[in-house]
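Encoded as structure tokens, the structure appears first; notes follow it.
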Amino acid sequence: MTKYGVIVGSTRKNSYSEGVAKAITAGLPEGSEVNFLKIADLPLYNQDLDADSPAVYEEFRKNVKAQDAFIFVTPEHNRNISAALKNALDVASRPWGQSVWAGKPALVASQSISGISGVLAHHSLRQSLVFLDMPTMEQPELYIGNTADLADDKGNITNEGTKEFLAGAGKSFSEFAAKFIG
């Protein structure tokens, strides 16, 4: 059984990013294990703590390491990924030389309430994942714009065409990830 970790870059209750993530995971094969890893309460990464990392860092690293593949969904904050998402990437990639991200296949999706679809955050996240040695699915590209018009007030995607598209991307990702999972 493949374990899919899901990292949602938005820490907001009823976030559209979480709704997009749930719509993607709906397309994963039956029997997949899907784990939403929480990032909101991770203290800011501080290299001074590498020698004696806080328990919350160690627990997060352990949870990342236990996953086979990752789905990342990011909102766009000031033309970049959220601070919480960047922090999560940093925490699990340290101490230097001990990254638990390496080799895990990844899917990147971005969303925005505007028509720009979080495209700059999307590409920023992709750059980080390349450095972290995570093979990233290239197609389909998942830039979801105008999400407020596609979701309900709880953030769940309600537009049928969008739900189908995102579930299809989840299915494609399971096939992509299988190439890297031993």
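Side chains are part of it too, since the values below use all heavy atoms of this structure and drop only hydrogens, waters and symmetry mates. Residue indices begin at 1 and follow the sequence shown.
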Beyond-backbone contact of [X] with [Y], side-chain heavy atoms, under 4.5 angstrom:
| X | Y | answer |
| --- | --- | --- |
| M134 | F70 | yes |
| I116 | R79 | yes |
| P105 | Y4 | no |

Starting at [atom1] of [X], measure out to [atom2] of [Y] and round the result to the nearest 0.5 Å.
| X | Y | atom1 | atom2 | result |
| --- | --- | --- | --- | --- |
| K171 | I24 | NZ | CD1 | 15.5 Å |
| S117 | E76 | OG | CD | 9.0 Å |
| N63 | K38 | CG | NZ | 12.0 Å |
| S172 | M137 | OG | CE | 5.5 Å |
| T162 | I157 | OG1 | CD1 | 6.5 Å |
| N156 | Y16 | CG | OH | 11.0 Å |

Consider only side-chain N and O atoms of S112 and S114, and report whether a donor and an acceptor are under 3.5 Å apart.
yes

Donor + acceptor pair across side chains of D152, T158 (<3.5 Å)
no

Are the side chain of [X] and the backbone N or O of [Y] linked by a donor-acceptor pair below 3.5 Å?
| X | Y | value |
| --- | --- | --- |
| W101 | L89 | yes |
| N46 | D48 | yes |
| S10 | R12 | yes |
| K104 | K65 | yes |
| Q111 | I144 | no |
| N87 | P43 | yes |
| S128 | R126 | no |

Do other residues, nucleotides or ligands put more than 12 heavy atoms under 6.0 Å from the CD atom of Q47?
no

If you count every heavy atom of other residues, nucleotides or ligands that lies below 6.0 Å from F180 atom CZ, does the total exceed 12?
yes

Would you please test S124 and N80 for side chain to side chain donor-acceptor pair (under 3.5 Å) and show each step?
CA-CA 6 Å; S124 178; N80 214 316; 2.7 Å; yes

What is the minimum heavy-atom distance between [X] and [Y], and which atoms define it?
| X | Y | result |
| --- | --- | --- |
| S110 | H122 | OG-ND1, 3.2 Å |
| F176 | T136 | CZ-C, 3.6 Å |
| V20 | A109 | CG1-CB, 4.4 Å |
| P54 | L49 | CG-CD1, 3.9 Å |
| S17 | V73 | O-CG1, 3.4 Å |
| F60 | V91 | CD2-CG1, 4.1 Å |

Begin with the C-alpha distance, continue with both residues' side-chain angles, and end with the deciding distance and a verdict on side chain to side chain donor-acceptor pair (under 3.5 Å) for S53 and R94.
CA-CA 10 Å; S53 290; R94 298 290 192 251; over 6 Å; no

V6 and N35: side chain to side chain contact (heavy atoms under 4.5 Å, CB included), yes or no, with the steps?
CA-CA 6 Å; V6 181; N35 301 297; over 6 Å; no

With L142, the side-chain contact (heavy atoms from CB on, under 4.5 Å) member among F173, F72, F165:
F165

Test side chain to side chain contact (heavy atoms under 4.5 Å, CB included) applied to V108 and E138, step by step:
CA-CA 9 Å; V108 174; E138 295 175 9; over 6 Å; no

Taking the basic N atoms (NZ, or NE/NH1/NH2) and the acidic carboxylate oxygens, is any pair closer than 4.0 Å for K22 and E18?
yes

[X]-[Y] co-clustered via ILVMFWY side chain contacts under 4.5 Å:
| X | Y | result |
| --- | --- | --- |
| V56 | I39 | yes |
| F131 | L107 | no |
| L44 | L85 | no |
| L125 | L132 | yes |
| L42 | L37 | yes |

Could you please spell out the steps behind the side chain to side chain contact (heavy atoms under 4.5 Å, CB included) verdict for L28 and V34?
CA-CA 9 Å; L28 296 174; V34 178; 3.7 Å; yes

Passes side chain to side chain contact (heavy atoms under 4.5 Å, CB included), S15 versus V8? Steps please.
CA-CA 9 Å; S15 80; V8 175; 4.0 Å; yes

Please say which of Y57, Y45, W96 ends up in a side chain to side chain donor-acceptor pair (under 3.5 Å) with D50.
Y45

